Structure formats: structure tokens, C-alpha cells
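All figures in this text were calculated on a predicted structure; none of them were measured in a lab.
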Amino acid sequence: MTEKSAPGSKPSLTDSGIAEPRGSSLFELRPVDLLRHVSPIVTAVMVDAEFFLKRAHRLFGPTTPRDAAEKLHKLALDHLNDSHGQRTARLYRIFVYDAPPVAWKGHTPLRKRSLDLAQSPTAQWRHAFHETLRGLRKVALRLGEIPTNQVRWQLKAEVLKELINGKRRWEDLTDDDFRLDLRQKGVDMRLGLDIASLAYKRQVNQIVLISGDADFVPAAKLARREGIDFILDPMWATIRPDLYEHIDGLRSVCPRPSKKTQSNAEVS
């Protein structure tokens, strides 16, 4: 059988060939069979878009907004299948969490050149990505925000290190040595509220989260206490060992990268 999960992962309920245990005797069942739902599996897939886009770019290279949205959609649907490609779960909905492109106007820190981020290629790409997602079946786009009053210029970490070590001088700095600190607000809150709502209303019995962020742990613990099977897909990224105890399964369904690609992708 082709292994779809990350090394050392826990089995997910859709990782076997059938949705329900078969056989006349309880003692004939394997341990993984006992983990399956007797009732049909209804799955909600939740995607951290910021994580997905960074991971997809590192693993698969640049894509158009439409291609990226369709890859995300296919990745979510693949979680409804077992390792043989057989459908074992029913989709409730695909929730995608992101923030809209920031509409910030300002100037570069040194040369004071005018900037309008809403007209930047990055903003236009993200807008097209969101529009494509809105047109895909069973996708619900949950958008937070990036407050423009909190946008700040920051010196890049590597540049600051060179300044401290005496390898650079302050007078040699350029605008390229700075970056804008753009922080999403409300995205994690929306994800947590959706998980709580799904769990308390018994609308699903399985949640798949595509992310690599440890901030999901409180929401995962709540879902598990309510009897939800909680699966994490980090797209083959390494997660902290202590996160294993807060999930019911670890399963990456995208093509596994080569060792060289994986090594490069882990470099932030």
C-alpha cells in the first residue's frame, strides 16, 4: 500500500480502503479498523491560505492565481479519499482563511518614493486568487484584515545582524534593506470560531486542517473533546513533536517532495 502520511504519523479515518469495518468478529479487526466511524464520515477541510501559498511555492514553484486556487481545491478534495483513491468521506465544505490585499499608501523609508500597495503585482495576484476561490464549488472564503494603521517598516533580520557584526554600515543602507510588517488580524479567530461552531452543532465528524501553525492547538483540543476526528496536513513540512498529542492523524496528500526539494523548502 502506498504510504500517504508523513513519517511517524497517526492513521486518519480516510487512510484505509473502506469507510466501515468488515468481518463477522471484532477480534478479526486491525487496530486501524477500530478507529473508523460506523456512521458516514462528513469532513470539513480548513486551509490556512498564507501557509498553503508559501508551501506550494517552495514545493512546486510559481503558479498563476487560478492554478494555485485549483491546486488548493484539489488538495482539499483528495482528503476525502483513502490511499487507493477511493472516496470514503463526504465533503461538508472547504473553508479558506486569508486576508485581503492591503490597501496601504505610503513612502519608502529612505528615498521616500511613493508606494500604493493596492496596485502592486502581489495585491493583484492575491485578488485574482480570491476571486477564483469564490467561484469553486463548496468553498467558503473567510477573510480577516491587515490594518493599515499598523503597517510599519522594519529592518530585515539578516541586515540587522550584519550591522551588529560590523559587516555593514548604517550609511550604506538602501530601501531594499527594509520590509513592511504586514500582520493579518482576525484570521485565527475566524478559524477557531468555525471549528467551535462545527463541533458544537455536530455538523461534521472530521476536520482536516491544512496548516503548519501551532496556534491551532486550542481549537483542535476543543474539537477532539467534542468527538471530532482532527487531521493535520502540513504538506510534508516538519511539525513540532509535542503537537502530535493534540491531533488524531497526520496526513499529507500532495506529492511528496524529493529530499533535495524538501531540504530547500524547510529553509525559511
Side-chain angles (χ1 to χ4, degrees), residues 4 12-15 17-19 37 39-57 59-101 123-145 184 186-212 216 219 223 228-236 249 251-255:
K4 288 286 186 179
S12 68
L13 296 184
T14 55
D15 199 35
I18 52 177
H37 288 296
S39 59
I41 301 171
V42 181
T43 301
V45 182
M46 299 181 162
V47 186
D48 177 350
E50 185 73 16
F51 170 84
F52 168 81
L53 290 175
K54 288 181 179 178
R55 192 68 184 164
H57 180 79
L59 296 181
F60 313 124
T63 60
T64 65
R66 174 167 294 278
D67 285 343
E70 291 176 350
K71 282 180 180 293
L72 184 153
H73 194 250
K74 182 180 184 303
L75 182 69
L77 294 179
D78 283 346
H79 273 285
L80 306 178
N81 303 331
D82 63 17
S83 57
H84 300 290
Q86 293 180 319
R87 182 61 54 91
T88 58
R90 180 167 63 87
L91 178 66
Y92 175 76
R93 191 158 288 124
I94 302 169
F95 298 90
V96 182
Y97 301 87
D98 203 6
Q124 294 175 13
W125 193 101
R126 200 62 154 247
H127 179 73
F129 174 67
H130 290 164
E131 286 303 305
T132 303
L133 286 174
R134 289 188 176 98
L136 295 177
R137 178 163 170 75
K138 286 283 190 176
V139 172
L141 186 59
R142 298 282 198 261
L143 295 180
E145 62 176 344
Q184 297 180 352
V187 176
D188 291 343
M189 179 188 69
R190 285 170 172 78
L191 191 150
L193 288 175
D194 283 343
I195 289 178
S197 177
L198 292 172
Y200 289 142
K201 293 180 180 179
R202 308 291 181 183
Q203 293 172 311
V204 302
N205 47 27
Q206 184 181 74
I207 290 175
V208 175
L209 176 62
I210 300 175
S211 179
F216 75 85
I228 303 295
D229 182 46
F230 199 94
I231 308 300
L232 178 67
D233 180 354
M235 297 176 68
W236 300 106
R251 186 182 186 220
S252 292
V253 295
C254 60

Specify the closest pair of heavy atoms between [X] and [Y], including all atoms of both residues, with the distance to one decimal.
X: Ala140; Y: Arg93; result: CB-CD, 3.7 Å
X: Ala199; Y: Ala223; result: CB-CA, 4.4 Å
X: Cys254; Y: Phe60; result: CB-CZ, 4.1 Å
X: Pro100; Y: Gly144; result: CD-O, 3.2 Å

About how many Å separate [atom2] of [Y] and [atom1] of [X], when rounded to the nearest 0.5 Å?
X: Tyr97; Y: Asp194; atom1: OH; atom2: CG; answer: 3.5 Å
X: Lys138; Y: Leu136; atom1: NZ; atom2: CG; answer: 13.5 Å
X: Ile228; Y: Gln206; atom1: CD1; atom2: CD; answer: 9.5 Å
X: Thr43; Y: Arg90; atom1: OG1; atom2: CZ; answer: 9.5 Å
X: His79; Y: Leu209; atom1: NE2; atom2: CG; answer: 9.5 Å
X: Asp229; Y: Ile207; atom1: CG; atom2: CD1; answer: 9.5 Å

With Asp98 via side-chain contact (heavy atoms from CB on, under 4.5 Å) - residues at least two apart: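 Scan of Asp98 (side-chain contact (heavy atoms from CB on, under 4.5 Å), adjacent residues dropped) gives Ala49, Glu50, Arg126, Phe129, His130, Leu143, Gln184.
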Suppose we screen for side chain to side chain donor-acceptor pair (under 3.5 Å). Which residues come up paired with Glu131, at least two apart in sequence or across chains?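 Once residues adjacent in sequence are excluded, the partners of Glu131 under the side chain to side chain donor-acceptor pair (under 3.5 Å) criterion are Arg134.
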So among Val96, Leu198, Asp233, Ile94, which one has a side chain to side chain contact (heavy atoms under 4.5 Å, CB included) with Met46?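 Between Met46 and the candidates, side chain to side chain contact (heavy atoms under 4.5 Å, CB included) is satisfied uniquely by Leu198.
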Okay, side chain of [X], backbone of [Y]: is any donor-acceptor separation there less than 3.5 Å?
X: Arg55; Y: Phe51; value: no
X: Ser197; Y: Leu193; value: no
X: Asn205; Y: Val42; value: yes

Less than 3.5 Å apart, which donor and acceptor atoms pair up between the side chains of residues 69-78 and the rest of the protein, not counting sequence neighbours?
from	atom 1	to	atom 2	distance (Å)
His73	NE2	Arg137	O	3.0
Lys74	NZ	Asp78	OD2	2.9

Student check: side-chain heavy atoms of Trp125 and Leu53 closer than 4.5 Å: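 With C-beta onward as the side chain, the pair touches.
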Begin from the C-alpha positions of Ile195 and Leu191 and carry the test side chain to side chain contact (heavy atoms under 4.5 Å, CB included) through to its verdict. CA-CA 6 Å; Ile195 289 178; Leu191 191 150; 3.4 Å; yes
